[in-house]
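The chains referred to below are lettered A, B, ... by the order of the sequence lines, with proteins before strands, and numbering in each begins at 1.
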2 protein chains.
Amino acid sequence: MEKYLQILREHGIKVTPQRLEILRFLDTHHTHPSAEDIFHELKKRNPSLSKTTVYNTIQSLMDHGLLISIVFSTHEARFDSVINHHHHLLCSECGKIIDIEVECPFTKEKITGGHRIDEVHGYFRGVCKDCLRKGGK
Amino acid sequence: MEKYLQILREHGIKVTPQRLEILRFLDTHHTHPSAEDIFHELKKRNPSLSKTTVYNTIQSLMDHGLLISIVFSTHEARFDSVINHHHHLLCSECGKIIDIEVECPFTKEKITGGHRIDEVHGYFRGVCKDCLRKGGK
DNA sequence: GCCTCATTTTGTAATATTTACAATCTGATA
DNA sequence: TATCAGATTGTAAATATTACAAAATGAGGC
């Protein structure tokens with residue numbers, strides 16, 4: 001059985017071609033795409049695709065813990081289907097969002113300062129390795 | 001000399017009544033207000049205030065390191081004039097943004113995984129102390 | 001294999017935040 | 001006080017996201 005079909009069924013999400021394609025795209029492009037990126041790319045092969053469907057599917061995948069949103073600015077959200085815990089760096093030179101694999105102490109504490117912590121997201125700003133090599137500041 | 005006048009002058013920001021009021025509001029209301037919150041509150045005393053001025057001033061204060069934006073969703077940005085390093089928790093019960101004072105190891109590492117880190121922001125989701133006491137889940 | 005129904009997709013329109021821009025106004029220096 | 005660069009204002013534009021209703025479709029039962 002196809003991988004993405006199985007994932008949707010395991011999570012009780014009704015299978016549709018649109019959802020399969022969006023899930024496949026997210027799983028094969030770990031580039032932190034925006035909703036527009038997903039829409040624009042998948043519309044090439046499925047011209048009838050609606051942007052509302054992209055947003056609906058994104059919401060559905062997030063509700064089932066298959067997707068997280070990365071929000072660096074109010075301008076747009078970016079998405080990541082890699083759920084294992086890691087942080088994100090926005091490079092001020094090239095604008096790319098880079099995965100930062102670090103052990104974060106707060107992911108293990110469930111209570112901090114009396115508050116219950118369910119999710120931990122680390123947002124970094126700086127200059128990525130590649131831009132530094134190219135003579136970044 | 002008034003405190004806020006001094007802050008603006010020290011940072012080479014031309015002093016205007018609007019900037020003074022916005023800075024004063026941010027410094028006396030650590031409630032992580034939105035641009036709309038600031039505008040709505042200050043318009044009471046200065047009806048000619050423009051929302052563009054609020055955005056311009058916010059941008060200016062951010063450029064000079066006097067303000068940071070807190071972005072939990074693309075819906076709206078919230079602002080915080082407390083610059084000393086701390087993280088933020090969005091309570092899923094009451095919707096408030098709570099300051100989390102913790103020592104974060106990444107604030108000290110300037111290079112992680114080959115990337116240069118300039119800023120570290122911790123975003124937490126969970127349930128705040130007050131809501132837990134009131135019988136939150 | 002076909003019917004039925006609940007769910008999904010689609011497309012348009014609405015919402016809301018933020019930005020662009022030009023005219024007017026004003027703070028700071030000489 | 002006069003000057004002028006920079007700030008404020010208001011309107012309008014840009015853009016991401018959400019709301020909604022009609023048409024289409026996936027999945028289970030006969």
Check: OP1, OP2 of C:dT9 versus side-chain N and O of A:Ser50: anything below 4.0 Å?
Finding: no

Notebook entry, point to check: Reckon B:Gln18 has a side-chain N or O less than 4.0 Å from the OP1 or OP2 of D:dT9?
Noted result: yes

Next item on the list: Please state how far atom NZ in B:Lys51 lies from atom P in C:dC21, giving the value in whole angstrom units.
Entry: 20 Å

Next item on the list: Please figure out whether B:Pro47 or A:Glu36 has its closest DNA chain D nucleotide nearer the 5' end.
Entry: B:Pro47

Check: Taking atom types as modelled and ignoring hydrogens, do the side chains of A:His86 and A:Asp80 form a donor-acceptor contact shorter than 3.5 angstrom?
Finding: yes

Notebook entry, point to check: Among C:dT10, D:dT17, D:dT9, which nucleotide sits nearest the side chain of B:Asn56?
Noted result: D:dT9

Check: Between A:His87 and A:Phe124, is the gap from one ring center to the other below 6.0 Å?
Finding: yes

Note to self: With a 4.0 Å cutoff (strictly under), does any side-chain N or O of A:Arg19 reach OP1 or OP2 of D:dG26?
What the structure shows: no

Item checked: Residue B:Val15, side-chain atoms from C-beta onward, closest of C:dT18, D:dA27, C:dG27 -> C:dG27

Next item on the list: Would you indicate, yes or no, if C:dT18 has its OP1 or OP2 atom less than 4.0 angstrom from a side-chain nitrogen or oxygen of B:Tyr55?
Entry: yes

Notebook entry, point to check: Please give, in whole Å, the distance from C:dT9 P to A:Gln59 CD?
Noted result: 14 Å

Checklist line | Test item: side-chain donor near acceptor, A:His29 and A:Asp37, under 3.5 Å | finding: no

Next item on the list: From the options D:dA5, C:dT10, D:dT18, select the nucleotide whose nearest atom is closest to the side chain of B:Lys14.
Entry: D:dA5

Notebook entry, point to check: Does one side chain, of A:His32 or A:Asp99, offer a donor that lies under 3.5 Å from an acceptor on the other?
Noted result: yes

Check: Does A:Arg24 come within less than 4.0 Å of A:Asp27, counting only side-chain N to carboxylate O?
Finding: no

Item checked: Atom pair distance, as rounded to whole Å: CZ in A:Phe39 and P in C:dG11 -> 9 Å

Notebook entry, point to check: Nearest nucleotide by nearest heavy atom, which residue falls closer to the 5' end of DNA chain D, B:Thr16 or A:Arg78?
Noted result: B:Thr16

Next item on the list: Return the value, rounded to whole Å, for the distance between atom NE2 of A:His75 and atom C1' of C:dT19.
Entry: 11 Å

Next item on the list: Check whether any side-chain N or O of A:Thr52 sits under 4.0 Å from OP1 or OP2 of C:dG11, and answer yes or no.
Entry: no

